[in-house]
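What follows is one structure encoded as structure tokens, with my remarks underneath.
This one's a predicted model, so the numbers in the text were calculated from it and none came from an experiment. Values below: every heavy atom of this structure, side chains too, minus hydrogens, waters and symmetry copies. First the proteins, then the strands, lettered A, B, ... as listed; each starts at 1.
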Amino acid sequence: MTKIRKNRKAVVNQGDCVACGCCIKVCVLKAIKVEKGLFAKVDEDKCVGCGLCARECPASVIEIKEVE
Amino acid sequence: MKKKWYDYLWIVSLIYLILGFFNILFAWLGLLCFFIPLYIAVTKSTKDYCGYYCGRGQLFSLLGGKFGLSRKKDIPDWMKSKAFRYGFLIFFFIMFFVMLFNTYLVFSNAQDLKQVITILWTFKVPWSFAYQGTLLHPGVAQFAFGFYSVMLTSTILGLITMILFKPRSWCVYCPMGTMTQFICKLKNK
């Protein structure tokens, strides 16, 4: 029997991101950073898709998506 | 998570707002909120000020988060559009230069010092209770009244959007944030 495990990750809509960095401090795993003052970027190796950043994001440009 | 010294900068922002009710000349300190983010954006090409050091953002986050004064709803799409953000930045700039021009008029003795705070660029509130005179030129005080008006107006707008939308909604259309992101765009091409 194969077990299909779906991973949840935070995905940033970088075109609309205002790079305010509100997400940085709420992430317990330090998995999200603001790249060069342009937009937020998620470290997919660290992100567990908990959704804290998505809830904090004032522009609501972070979504939790299921990835294979 | 262990708190760092910069996690307490909301106290500085709060004290700044309070000091403006006692002696308007403290308003000059607000220039730090203009020059530090610009300095970081120009020298480091990052928006680290917004994410780590912005005391105002922390204050909204505290009031809207821990104190529960926010509906925590999504901000409307038009408010995060580039047109609105850059439009608001330009409007803010124009009003800032109008304020600087008024300061210039007082410095050149063409106009008398007005001991008022203008809220939301419209409502004039008598503010002489926070002015005890200055050893310097009255123009120095005029700038303080004008600058504190800018700071108070943006705090009020920030509080309104904090209540209506998410705690740090101000960050979406904050003119300093838009400007530093623009600088980073230019520098990181």
Are B/Tyr53 and B/Leu17 linked, directly or through other ILVMFWY residues, by side chains that come within less than 4.5 angstrom of each other? no
Nearest heavy-atom approach of A/Lys25 to B/Tyr52 is NZ-O, 2.9 Å
If you tally heavy-atom pairs under 4.5 Å between each of A/Gly37, A/Ala59, A/Cys57 and chain B, the highest tally belongs to A/Gly37
May I ask whether B/Leu29 and B/Leu9 are part of the same hydrophobic cluster, defined by side-chain heavy atoms of I, L, V, M, F, W, Y residues being less than 4.5 angstrom apart, directly or through others? no
Counting only non-hydrogen atoms closer than 4.5 Å, can you tell me which residues of residues 57-65 of chain B sit against chain A? B/Gln58, B/Ser61
Of all the residues in residues 123-131 of chain B, which have a heavy atom that comes within less than 4.5 Å of a heavy atom in chain A? none
Non-hydrogen contacts under 4.5 angstrom with chain A: give the residues of residues 101-116 of chain B involved, or none if there are none. none
Listed by residue number, which members of residues 148-183 of chain B have a heavy atom under 4.5 Å from any heavy atom of chain A? B/Lys166, B/Arg168, B/Ser169, B/Cys171, B/Val172, B/Gln181
Could you see if B/Tyr39 belongs to whatever hydrophobic cluster contains B/Ile36? Use Ile, Leu, Val, Met, Phe, Trp, Tyr and a side-chain cutoff under 4.5 Å. no
Point-to-point distance, once rounded to the nearest 0.5 Å, from CG of A/Asp16 to CZ of B/Arg85: 9.0 Å
Of all of A/Cys17, A/Ser60, A/Cys23, A/Gly21, which one pairs up most often with chain B through heavy atoms under 4.5 Å apart? A/Ser60
Please check if the number of heavy atoms outside B/Phe26 that lie under 6.0 Å from its CZ is greater than 12. no
Using non-hydrogen atoms only, which part of A/Ile24 is less than 4.5 Å away from chain B: side chain, backbone, both, or neither? side chain
Tell me whether the count of non-hydrogen atoms from other residues, nucleotides or ligands lying under 6.0 Å of CZ in A/Arg55 goes above 12. no
Hey, quick one: are B/Tyr6 and B/Tyr16 part of the same hydrophobic cluster, counting side-chain heavy atoms closer than 4.5 Å, chains of contacts allowed? no
Are there more than 12 heavy atoms of other residues, nucleotides or ligands under 6.0 Å from atom NZ of A/Lys33? no
Interatomic distance, B/Lys47 atom NZ to A/Phe39 atom CZ [nearest 0.5 angstrom]: 13.0 Å
Flag if over 12 foreign heavy atoms under 6.0 Å of NZ, B/Lys185: yes
ILVMFWY network linking A/Val12 to A/Leu29, side-chain heavy atoms under 4.5 angstrom: no
The interface call for A/Glu35 against chain B, heavy-atom contacts under 4.5 Å, is neither
Would you give the length of the straight line joining atom NZ of A/Lys36 to atom NZ of B/Lys44, rounded to the nearest 0.5 angstrom? 14.5 Å
Heavy-atom distance under 4.5 Å to chain A: side chain of B/Lys72, backbone, both or neither? neither
